[in-house]
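These notes concern the structure reproduced below.
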Amino acid sequence: MLLEGPVLEVAPLLLGATLRHGEVACRLTEVEAYDGPDDPGSHAYRGRTPRNAVMFGPAGHLYVYFTYGMHFCCNVVCGPEGRARAVLLRAGEIVDGADRARARRPAARVDRDLARGPARLCQALGIDREQNGHDLSAPPLTLELGTPAVSVRTGPRVGLREAADRPWRFWLPDDPSVSTYRPATVRPRRTS
DNA sequence: GCTCCGATTATCT
DNA sequence: GATAATCGGAGCG
């Protein structure tokens, strides 16, 4: 697979690609690039830790992390070993196995919301800790690239406090499954 | 140890 | 638009 390369080149290639986990398949419509050591917004910015170790591994593997005490999000690793480049899969359209996806996402009232958002995408596809480090060329969890998108839009990444100015979010224009942009939440300073 | 806060989401006003 | 829910990584001392 042609997954190894600079994040800004690989990220747009993932738009339109199909991530499949068993009977459920998702056509990716929105992704974000993270460039290891040079990117203050990346989990790998401060070096290798047990949590982010997969990011430092070979391209084509899945980096899954747990956040906000309840959600999983997943990235496709695209750097050579030691470089920690990865692309966060932010949203997509369920194109196969919608029944199963709906069962996993009871809160989704319409199919458009099944995988609209990084944690929703993981939930719809049944991705959690178990899949961290998984090789995406190995069924039942695989990534298949499609024909490169004709038109791609870019803009700032979602929910980051650091390096929010980098336009490293990529999406397919006018696709209804693209998540809505939200800047980082600012929590009130604790007064103790 | 202990504290802060996050690559989020669902739900309510 | 606002906010609660929930837990583990990372920084500090």
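Letters A, B, ... mirror the listed sequences (proteins, then strands); counts begin at 1. Source: prediction; values computed, not measured.
Within the cation-pi definition used here (under 6.0 Å to the ring centroid, within 45° of the axis), R83(A) does not qualify as a partner of F56(A). At least one test fails for R51(A) against the ring of Y63(A): distance under 6.0 Å to the centre or angle within 45° of the axis.
For H43(A) and Y34(A), the gap between ring centers reaches or exceeds 6.0 Å.
Look at CD on E32(A): it is 14 Å from C1' on dG6(B), rounded to the nearest Å. One atom, CZ of F72(A), and another, P of dG8(C), lie 9 Å apart when rounded to the nearest Å. Between the C1' atom of dA7(B) and the NE2 atom of H43(A) lies a distance of 5 Å, rounded to the nearest Å. One interatomic measurement links the two molecules: CZ of F170(A) to P of dA7(B), which rounds to 19 Å at whole-angstrom precision. If you take CD of E30(A) and P of dT8(B), they are 10 Å apart, rounded to a whole angstrom. Look at CD on E162(A): it is 12 Å from P on dC5(B), rounded to the nearest Å. With rounding to whole Å, M55(A) atom CE is found 15 Å from dG9(C) atom P. Between the CH2 atom of W171(A) and the P atom of dA7(B) there is a distance of 19 Å, given to the nearest Å.
With hydrogens and angles ignored, a donor-acceptor pair closer than 3.5 Å exists between the side chain of Y65(A) and the base of dA7(B).
A close approach under 4.0 Å does occur between a side-chain nitrogen or oxygen of T49(A) and OP1 or OP2 of dA10(C). Under 4.0 angstrom from either OP1 or OP2 of dG6(B) there lies at least one side-chain N or O belonging to R161(A).
Rounded to the nearest 0.5 angstrom, T154(A) OG1 and R166(A) CZ are separated by 14.0 Å. Expressed to the nearest 0.5 Å, how far CG of L125(A) lies from CZ of R100(A) amounts to 10.5 Å. We find the CG-CG distance between L88(A) and L121(A) to be 9.0 Å, quoted to the nearest 0.5 Å.
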Writing each nucleotide of DNA chain B 5' to 3' as (, ), [, ], | or . by Watson-Crick or G-U pairing under 3.5 Å yields ||||||.|||||.
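There is a side-chain donor-acceptor pair under 3.5 Å between E30(A) and S179(A).
In terms of position along DNA chain C, the nucleotide closest to Y68(A) lies nearer the 5' end than the nucleotide closest to the other residue of the pair Y68(A) and P50(A).
No more than 12 heavy atoms of other residues, nucleotides or ligands lie within 6.0 Å of CZ in R153(A), so this atom counts as exposed by the packing criterion.
Remark: ring of Y34(A) stacked against base of dA7(B); centroid gap under 5.5 Å, plane tilt under 30°.
Partners of D111(A) under the side chain to side chain donor-acceptor pair (under 3.5 Å) rule, at least two apart in sequence or in another chain, are R102(A).
Spacing between dC5(B) and dT3(C) at atom C1', rounded to whole Å, works out to 16 Å.
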Each nucleotide N or O in nucleotides 9-13 of chain B that has a protein N or O under 3.5 Å away: list the pair and distance.
from	atom 1	to	atom 2	distance (Å)
dT9(B)	OP1	P118(A)	N	3.2
dT9(B)	OP1	A119(A)	N	2.9
dT9(B)	OP1	R120(A)	N	3.2
dT9(B)	O4'	H71(A)	NE2	3.1
dA10(B)	OP1	R105(A)	NH1	2.5
dA10(B)	OP1	R105(A)	NH2	3.4
dA10(B)	OP2	R120(A)	NE	2.8
dA10(B)	OP2	R120(A)	NH2	2.6

